[in-house]
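Step one of this worksheet: look at the structure below.
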Amino acid sequence: MQLSLLRQQSELANTARQREVLEDEFTPPLPYFTEALSDNGLPRLTATGIEVLQINVGKLCNQTCTHCHVDAGPDRRESMSRATAEAIIDVLARHDIPTLDITGGAPEMNPNFRWLVEQATLLGRRVIDRCNLTILMANGYRDLPEFLAQHEVEVVASLPCYLEENCDSQRGDGVFKRSIDGLRRLNALGYGQPDSPRTLNLVYNPVGPSLPPSQAALEATYRSELKSRYDIVFTNLHTITNLPISRFLDDLLRSDQFDNYMQKLIESFNPATVEGVMCRTMVSVDWEGHLFDCDFNQMLNIGLSPEQPRHISDFDFESLASRGIQTGRHCFGCTAGNGSSCQGAVVKIGTEKPA
Ligand code: SF4
Ligand code: SF4
């Protein structure tokens with residue numbers, strides 16, 4: 001049997017195991033996500049449009065972070081083909097979807113990354129690169145900052161702490177120093193500078209099994225610490241909750257913290273976040289072109305509801321823009337505390353809950 005087929009089968013078994021863990025009976029019993037919605041007088045989640053097409057171009061990455069929900073790394077071979085990339089650009093050309101959000105793995109390692117950026121930019125779309133920063137300093141990619149700047153790509157960069165030790169414990173030895181070097185190169189091109197149109201947003205996620213603190217307060221701390229220690233500036237900070245998926249789920253199970261973490265997410269359910277969860281305004285596409293409600297459902301292989309198209313080649317804007325969303329207990333990660341999305345906290349400043 002071919003190695004790739006074996007890998008695919010083990011991947012499917014792994015996602016099935018994760019779904020079972022999340023939807024299993026707990027002692028004492030934990031509610032399902034749909035129960036939390038109905039207990040709070042809320043309907044099931046439904047899309048309200050498509051503002052973002054988020055594409056995961058593959059699992060290849062130059063890092064192997066402990067919390068990675070994609071299980072990405074240097075040995076992964078899943079990578080979006082040119083044919084699938086073309087189908088994505090075709091969808092953007094035919095429909096009024098304002099934003100192309102490119103993620104991975106390290107999306108820049110996909111051979112079609114630059115072509116996708118160029119084509120989406122030609123169509124006048126806002127393009128987001130979810131960048132791990134160290135790729136900007138890797139051999140073969142050092143001209144990336146200039147390429148991103150030339151195409152006015154918005155950079156969303158992971159930096160889980162302004163302290164080297166915390167960052168490296170999650171992302172690997174030496175990652176912090178190379179991330180700071182990457183940020184310096186972006187700053188030098190105007191990214192994150194006051195009044196600059198080049199957006200550089202940083203992403204914080206907790207190192208352990210806790211909820212992120214207030215986004216506004218942490219942003220102020222990041223701003224002063226990064227400025228005073230490294231003379232680095234950025235546009236905004238996004239705080240993101242770790243969802244119990246893939247490596248982070250395995251880590252929780254290994255350290256016997258899974259039940260406590262789920263309990264924490266569920267107890268922190270905030271009905272005010274439900275309106276703003278990201279799946280309501282996005283469609284997620286995997287490296288083979290399959291469609292999902294979000295990147296997390298993609299990783300758990302929870303497809304769209306049965307009446308929806310399955311593949312980018314069958315994209316049906318009208319139907320997808322008002323679809324019912326497939327949810328599970330992992331969704332409590334998006335609705336805990338101040339909420340969590342690819343744009344950071346969901347609730348507005350001033351209505352935040354203490355962590
Ligand atoms: S979290 Fe991001 S940088 Fe880290 S391994 Fe996963 S995809 Fe790569
Ligand atoms: S995990 Fe996905 S489907 Fe569930 S609430 Fe979050 S974005 Fe929506």
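Computed from a prediction, not measured in an experiment: that's the story for all the values here. Numbering of ligands and ligand atoms starts at 1, following listing order.
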Answer side chain, backbone, both or neither: which part of H330 comes under 4.0 Å from ligand 2, heavy atoms only. side chain
Could you tell me whether atom 4 (Fe) of ligand 1 has an N, O or S atom of C65 under 2.8 Å away? yes
Go through the side-chain N and O atoms of T103 and Q54 and say whether any donor and acceptor fall under 3.5 Å apart. no
Just wondering, do F315 and D90 contact through their side chains at under 4.5 Å, heavy atoms? no
Is there a donor in the side chain of T66 and an acceptor in the side chain of Q170, or the other way round, less than 3.5 Å apart? no
Ligand 2 contact by N297, heavy-atom criterion under 4.0 angstrom: yes
Can you tell me if CG on D143 sees more than 12 non-hydrogen neighbours from other groups inside 6.0 Å? yes
Distance only, no hydrogens: is a donor on one side chain within 3.5 Å (strictly under) of an acceptor on the other, for T134 and Q63? yes
May I ask you to check whether C294 brings an N, O or S atom to under 2.8 Å from atom 8 (Fe) of ligand 2? no
Atom 8 (Fe) of ligand 2 - nearest protein heavy atom and its distance: C279 SG, 2.3 Å
For atom 6 (Fe) of ligand 1, find the nearest protein heavy atom and state the residue, atom name and distance (0.1 Å precision). C68 SG, 2.3 Å
Is G105 near ligand 1, meaning one of its heavy atoms is under 4.0 Å from it? yes
Could you tell me the residue and atom name of the protein heavy atom closest to atom 4 (Fe) of ligand 2, and the distance to it rounded to 0.1 Å? C331 SG, 2.3 Å
Considering only heavy atoms of N132, which atoms of ligand 1 have at least one such atom less than 4.0 Å away? 3 (S)
May I ask you to check whether S79 and N110 show a side-chain donor-acceptor distance below 3.5 Å? yes
Quick check with a 6.0 Å cut-off and a 45 degree axis cone: is R329 positioned over the face of Y32's six-membered ring? yes
Heavy-atom count check: over 12 atoms from other residues, nucleotides or ligands less than 6.0 Å from E165 CD? no
Which ligand 2 atoms, with their elements, are less than 4.0 angstrom from a heavy-atom of C334? 1 (S), 5 (S), 6 (Fe), 7 (S)
Ligand 1 atoms nearer than 4.0 angstrom to some heavy atom of Q63 are 3 (S), 4 (Fe), 5 (S)
How far is atom 2 (Fe) of ligand 1 from the closest protein heavy atom, and which atom is that? R171 NH2, 4.4 Å
